[in-house]
Amino acid sequence: MDRSFLSDPQIIEQSRNFVCIRLATFEDKIEANFLQEVYSADGSRTLANTVFAILAPDGQERLSRAHRAPNQVYGSPRNMVTAMKKIAAAYPAKASEKTRLPQMKDFRLALNVASCDGVPLMVGFSEQKAKLAELENTLAKLAFSRELAGKLHFYSTSDPAELKSIKAFEGESGYYFIGPNQFGDEANVAELVPAETKPELVAEFLVGFTSFLGKVEKDHRSHVREGLEKGVDWQTEVPVTDREAVRAKERADGQRKKQSP
Amino acid sequence: MKTGRRVVGFGVAIGLLMFVFAQGQDGQKAEEIGIPSGIVWYGVLSDGLNEARETGKPILLLSAAPNCVGVSGIW
């Protein structure tokens, strides 16, 4: 991902006028087909690891060229900010009754993505659907609040089996503040905030922790080397079609075989 | 600040988080204290598309693979 664009303060500010969708490539068949359609609209291209485009609210009309990253479309953050301002002015936002909780499709992916971004994960859990809806509503408001926007990831579920990989998880309803490990395949509960806690106290808790913690930055090369040494092998949901990525994975798999006893 | 029952003691929690987020393992380190603001991403296509249709906001679409050669935890 092109962090120089996506961490630019003005682009972050302009993003509030957009619905921002970041999909995990090759982790869902329907989403991969959608990305393929967007990516190949300018000509037949095989879906790559990364895709970038700006779309109209209908999700169909493209308002920018589609390419692998924002720098290939706009060249500079300043150009992208100018384009975003122009697009946002043409599509003024309507009031919405309820904001959806921004989250990943399952806990496995949510944990990995939080690790990729180097931020904590807040999970709302209750086996009671009505209570879970309350937790989701609280978290959705916090996710878009000025104090917390983009500082952590969120997930919600009513299925305790999905959270069985969390150490210290005992099935109690509430907000689980989780620190993903280096490879995003293990989770430790740092804090459990009970489901009955008032939203303003949940907010206070999260603002406190995200002010105290730092975002984890990883050295790409050493992270991959260590992952290979430890036998980490993430399995995608759909086959990878990025030719360069496929070749690199084949070389890495050869290294894994040599290392396996 | 009272947040309710803690799964682990506060000191343990801080220690745990410092381990995970600051000290970490080889190849990762924490930036300066305080997580910076960022873009709020919908990670599920249908959620994002429904939100866009209801609010009339345009869509900033991105995708990335959350692994490198099968090693998770990195884009």
Please state whether the side chain, the backbone, both or neither of [X] comes within less than 4.5 Å of a heavy atom of chain B.
X	result
A:Asp233	both
A:Val38	side chain
A:Arg251	neither
A:Ser211	backbone
A:Ala56	backbone
A:Leu101	backbone
A:Thr99	both
A:Lys198	neither
A:Asn17	backbone

Of the listed residues ([options]), which shares the most heavy-atom pairs with chain B below a 4.5 Å separation?
options	result
A:Asp185, A:Leu63, A:Leu23, A:Leu152	A:Leu23
A:Met104, A:Met84, A:Lys105, A:Lys151	A:Lys151
A:Ser15, A:Pro92, A:Ala95, A:Ala53	A:Ala53
A:Ala66, A:Cys20, A:Gly184	A:Cys20
A:Ile21, A:Asp253, A:Ile12, A:Ile54	A:Ile21

What's the shortest heavy-atom distance between [X] and [Y], and which atoms?
X	Y	value
B:Ala65	A:Thr25	N-OG1, 3.7 Å
B:Ile39	A:Ile11	CD1-CG2, 4.4 Å
A:Val113	B:Pro66	CG2-CB, 4.3 Å
A:Gly227	B:Val71	CA-CG1, 3.8 Å
B:Ile59	A:Gly59	CD1-CA, 3.8 Å
A:Phe52	B:Leu60	CE1-CD1, 3.5 Å

Do [X] and [Y] make a side-chain contact, defined as non-hydrogen atoms from C-beta onward lying under 4.5 Å apart?
X	Y	answer
A:Val224	B:Val69	yes
A:Ser96	B:Glu54	yes
A:Gln182	B:Ile74	no
B:Ser72	A:Val232	yes
B:Ile35	A:Pro120	yes
B:Pro58	A:Leu55	no
A:Leu35	B:Leu61	yes

Checking A:Glu31 now: which residues fulfil salt bridge (charged side-chain N to carboxylate O under 4.0 Å, His left out) with it, not counting sequence neighbours?
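For A:Glu31 there are no salt bridge (charged side-chain N to carboxylate O under 4.0 Å, His left out) partners, ignoring immediate neighbours.
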Has the side chain of [X] got a donor or acceptor atom that lies under 3.5 Å from a matching backbone atom of [Y]?
X	Y	value
A:Asn112	B:Gly73	yes
B:Ser63	A:Val51	yes
B:Tyr42	A:Arg100	yes
B:Lys57	A:Ala88	no

Determine whether B:Trp75 and A:Asp117 satisfy the following criterion, side-chain hydrogen bond (donor to acceptor under 3.5 Å, both in side chains), listing intermediate values before the conclusion.
CA-CA 8 Å; B:Trp75 294 111; A:Asp117 284 335; 2.8 Å; yes
Contact leader toward chain A among B:Gly56, B:Ser46, B:Cys68, where contacts are heavy-atom pairs under 4.5 Å
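Winner by heavy-atom pair count: B:Gly56.
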For a side chain to side chain contact (heavy atoms under 4.5 Å, CB included) check, start with the C-alpha distance between B:Val40 and A:His153, then their side-chain angles and the critical distance, and finish with the verdict.
CA-CA 9 Å; B:Val40 182; A:His153 287 310; over 6 Å; no
Counting neighbours of CD on A:Glu244 that are heavy atoms of other residues, nucleotides or ligands and sit closer than 6.0 Å, is the number greater than 12?
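Atom CD in A:Glu244 is not crowded, with 12 or fewer foreign heavy atoms closer than 6.0 Å.
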Run B:Glu51 and A:Val19 through side chain to side chain contact (heavy atoms under 4.5 Å, CB included) and show every step you take.
CA-CA 7 Å; B:Glu51 190 71 16; A:Val19 172; 4.0 Å; yes
Report the residues that fulfil ring-ring contact (aromatic ring centres under 6.0 Å, His included) with A:Phe34, sequence neighbours left out, ordered by chain and then residue number.
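For A:Phe34 there are no ring-ring contact (aromatic ring centres under 6.0 Å, His included) partners, ignoring immediate neighbours.
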